[in-house]
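I have placed the structure first, in the form of structure tokens, so that the comments after it can refer back to it.
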Protein chains: 2
Amino acid sequence: MGETVGKRVESVTSHDVAAKAGVSQATVARVFSAPDKVAANTQRRVREAAEAMGYVPNAIARSLKSQRTHIVGAVVPADGEYWQSVLSAFSRALAERGEQLLLFSFDDAEHVSDALDSVEQYRLDGLVLASSTIGQEHLVRMRGSGLSVVAFNQPAAGGLVNSVSVDDEAGTSDLARHLLAQGINSAAFVGGVADASTDRSRYRGAATTLAEAGIALPYIEAGAYTYDAGYKAATHILEANDRPDAVMVASDEVAFGLHDGLRSGGIEAPHDILITGFDGLPQAAWAGYDLTTLVQPVRVLVDEAIAIISNSDTHEGEQVRVATGTIRHGRTTRRGIDDHHLSKREDRP
Amino acid sequence: MGETVGKRVESVTSHDVAAKAGVSQATVARVFSAPDKVAANTQRRVREAAEAMGYVPNAIARSLKSQRTHIVGAVVPADGEYWQSVLSAFSRALAERGEQLLLFSFDDAEHVSDALDSVEQYRLDGLVLASSTIGQEHLVRMRGSGLSVVAFNQPAAGGLVNSVSVDDEAGTSDLARHLLAQGINSAAFVGGVADASTDRSRYRGAATTLAEAGIALPYIEAGAYTYDAGYKAATHILEANDRPDAVMVASDEVAFGLHDGLRSGGIEAPHDILITGFDGLPQAAWAGYDLTTLVQPVRVLVDEAIAIISNSDTHEGEQVRVATGTIRHGRTTRRGIDDHHLSKREDRP
DNA sequence: GGTCGCGGTGCGTACGTATTCATTCGTTGT
DNA sequence: ACAACGAATGAATACGTACGCACCGCGACC
């Protein structure tokens, strides 16, 4: 183990390269930031020297000088399948544009504040705030910090900061219409957290549309946007006197739990009950679920968010983009194998 | 320079605060980086001025001076449930230590190189390389760049760079013993990508242990570590002349697909076949699967990785940590539902 | 042929902070 | 009471790069 003689890997700078190539530091800097301003001949000499010395431009110093970090921050909940897919999409989209992604994920609302403290110190080019559990006081604070902020799927943030979100209300409205087309006569709604703005919007879209058909939509709160919460919420359906024809769930992950919870109680979809989700997670396509759900146009939302961030002269609170999702038609609402019309089914053991 | 009187949302620096508080810039800097070196009285004045002006220390400048960014990079595949859980764990662990996480995720191997280019420019405190699809040439290159690198679950990297990984061989060996205890007489192994080092290790552990009991272990390659690949691989089992008693799968996500693929072919676990996975994903605990799997001690691995990175004087290639997982006993290997006595809670059609 | 224009390069400086060194002042030891 | 000392602070500098400005040489235009 004698190849490296001490910690001698230190910091070869543009000055070092300049000396070796026989040019000035400024020229070296230009080679790597504005190549068209340097003669081809000189450029080749510099690049050779840089290569030989293992020179790599220092992005930190560059950022300090240029006041642009090329880093976008993302504050995202640590848990939840949906947020992970959003994060993945952001990472991809930013990489394509040569931007880096600084990740702040948090368990509970407590840590959000700590994360935002750090956010301010790094002079990021932009900041994406995901999760509807971020309080308004944080939004206001970030707005004042001078960087361009965009709230992701947090409808309530509209007017405070830029925001992009899926059209929750239109989404559940579409799903409700789809259920009506299947001939349902009753339904229930399973939400995650009742006072989340997305939860309210999604319920409203469903309830309004069903009301037009004269169908009431009782609300059941699972308590969290998790599989377990959905599994437990199934008992509310199982123990009800008259079982609804369909259950609309506020998120796919909760829907998976509900699906399995109902099955453990002997209720199968779509035979005994119809189920719809929301989000369009990859798992919704898994054969084990094959869930009918509203697929969020994540890529569109992400691109919009990045566009807003890049366009730095957008005044805060002005941009409010809403994208509409599309229905994925899965097994869980596929009627007709053994019953063409809906009626209360008591023929199950 | 003079006092700029007017609307200045941008850049309130330590100099500005110093002027307002009637102290020098050095004192302001000390208040925020070494508070115990400043008199309480002065400190209060400075903090008040800073608060009033909305001063926030500039982490970029700090990093340039101190040569430490407090940012750790992570190169992680964009897809795959397992990697997302690892990422989540890293994010949490780093946040607790006041470090930030710069995320580089990639779709295919092409983009890895681009990502690593960026990695070098930001002078990160450390770098985590996840995914076994990172070529050795990249490892060597990173090793030479002077930052402390640690390979995550990439056994083949041992000796080249620091590495932490789960004990694949011991894991599948344990699972195999568990299966033997269930009385199996035949088995098959479904891998993801045949030439991945983790795939080979996991197969070896299973095959060796089963061989001791006189059981051969044919290898089936799913082609990828995805649900769909597992679903398709099920056909190999379904079409086989004599169906094995058990299938050991190299990853949970593939196991889920296999499970559902077998079910669609009328083969149910554990009634007709036993299934084991590997990784210990949250979904393995979902009632729909309840998969027997080897739970990776992700938190331990992550902590080890961070410890190696923090301990900057560890020479590359010296640290090779291996952690052993624990078996999660799920439904998919629970023999006796139909063989022996069992309290049937519900009948399956 | 002189001046204008322009591509190409060097010099100097600024980005905002951390830290070394020197200086001042109040305190303690004998 | 005087010297020695430590705590507190200010002045100056360095971290590595980008960019404005000045400068130089050379072809073009009138």
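Order of the sequence lines fixes the chain letters, A, B, ..., with proteins taken first and strands second; residue numbering starts at 1 for each chain.
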Any B:Val38 side-chain heavy atom under 4.5 Å of B:Thr27 side chain: yes

Quick one, A:Tyr55 and A:Ser14 - any side-chain contact, counting heavy atoms below 4.5 Å? yes

The single option from B:Thr69, B:Leu94, B:Ile71 passing side-chain contact (heavy atoms from CB on, under 4.5 Å) against B:Glu99: B:Leu94

Compute whether any side-chain donor of one residue and acceptor of the other, for B:Ser310 and B:Arg97, lie under 3.5 angstrom apart. yes

Side-chain touch B:Val76/B:Leu129, heavy atoms, less than 4.5 angstrom: no

With heavy atoms under 4.0 Å as the rule, sort A:Val28 into base, sugar-phosphate or nothing. nothing

Side-chain N or O of A:Thr27 versus OP1/OP2 of C:dG10: is the shortest distance under 4.0 Å? yes

Please tell me if A:Ser14 has a side-chain N or O lying less than 4.0 Å from either OP1 or OP2 of D:dG16. no

Any side-chain heavy-atom pair of B:Val150 and B:Arg321 under 4.5 Å: no

Answer with base, sugar-phosphate or nothing: what part of the nucleic acid does B:Ala39 contact at a heavy-atom distance below 4.0 Å? sugar-phosphate

Where along residues 52-71 of chain A does a heavy atom fall under 4.0 Å from DNA chain C? A:Leu64, A:Lys65, A:Gln67

Nearest-Å distance, CZ (B:Phe32) to P (C:dG16)? 16 Å

Shortest side-chain distance from B:Ser24, nucleotide among D:dT9, D:dG10, C:dT17: D:dG10

Whole Å only: how far is the CD atom of B:Gln25 from the C1' atom of D:dA14? 12 Å

Atom-to-atom span, CD of A:Gln43 to P of C:dG7 - whole angstrom: 16 Å

Output the rounded distance in Å from CZ (B:Arg44) to P (D:dA8). 15 Å

Please give, in whole Å, the distance from D:dC15 P to B:Tyr122 OH? 22 Å

Does either side chain, that of B:Gln100 or that of A:Ser118, offer a donor lying less than 3.5 Å from an acceptor on the other one? yes

How close or far is atom C1' of D:dT17 from atom CZ of B:Arg123, stated in whole angstroms? 11 Å

Specify the residue among A:Ser33 and B:Arg30 whose closest nucleotide of DNA chain D lies further upstream toward the 5′ end. B:Arg30

With respect to the side chain of A:Ser11, which nucleotide from D:dT9, C:dG12, D:dG16 is positioned closest? D:dG16

Does any non-hydrogen side-chain atom of A:Tyr225 lie less than 4.5 Å from one of A:Asp79? no

Between atom NZ in B:Lys37 and atom P in D:dT9, what is the gap in whole Å? 12 Å

Applying a 4.0 Å non-hydrogen cut-off, can you work out what A:Val38 is touching in the nucleic acid: base, sugar-phosphate, or nothing? sugar-phosphate

Would you say the side chain of B:Arg47 lies within less than 4.5 Å of the side chain of B:Val31, judging by non-hydrogen atoms? yes

Axis-to-axis angle between the two ends of the helix from C:dG1-D:dC30 to C:dT30-D:dA1 (five base pairs per end, rounded to 10 degrees): 30°

B:Arg62 vs B:Ser33, side chain to side chain donor-acceptor pair (under 3.5 Å): CA-CA, chis, key distance, verdict: CA-CA 10 Å; B:Arg62 182 198 304 255; B:Ser33 64; 5.6 Å; no

With respect to the side chain of B:Ala26, which nucleotide from D:dA12, D:dC19, D:dT17 is positioned closest? D:dA12

d(CG, B:Asn41; P, D:dA7) in whole Å: 18 Å

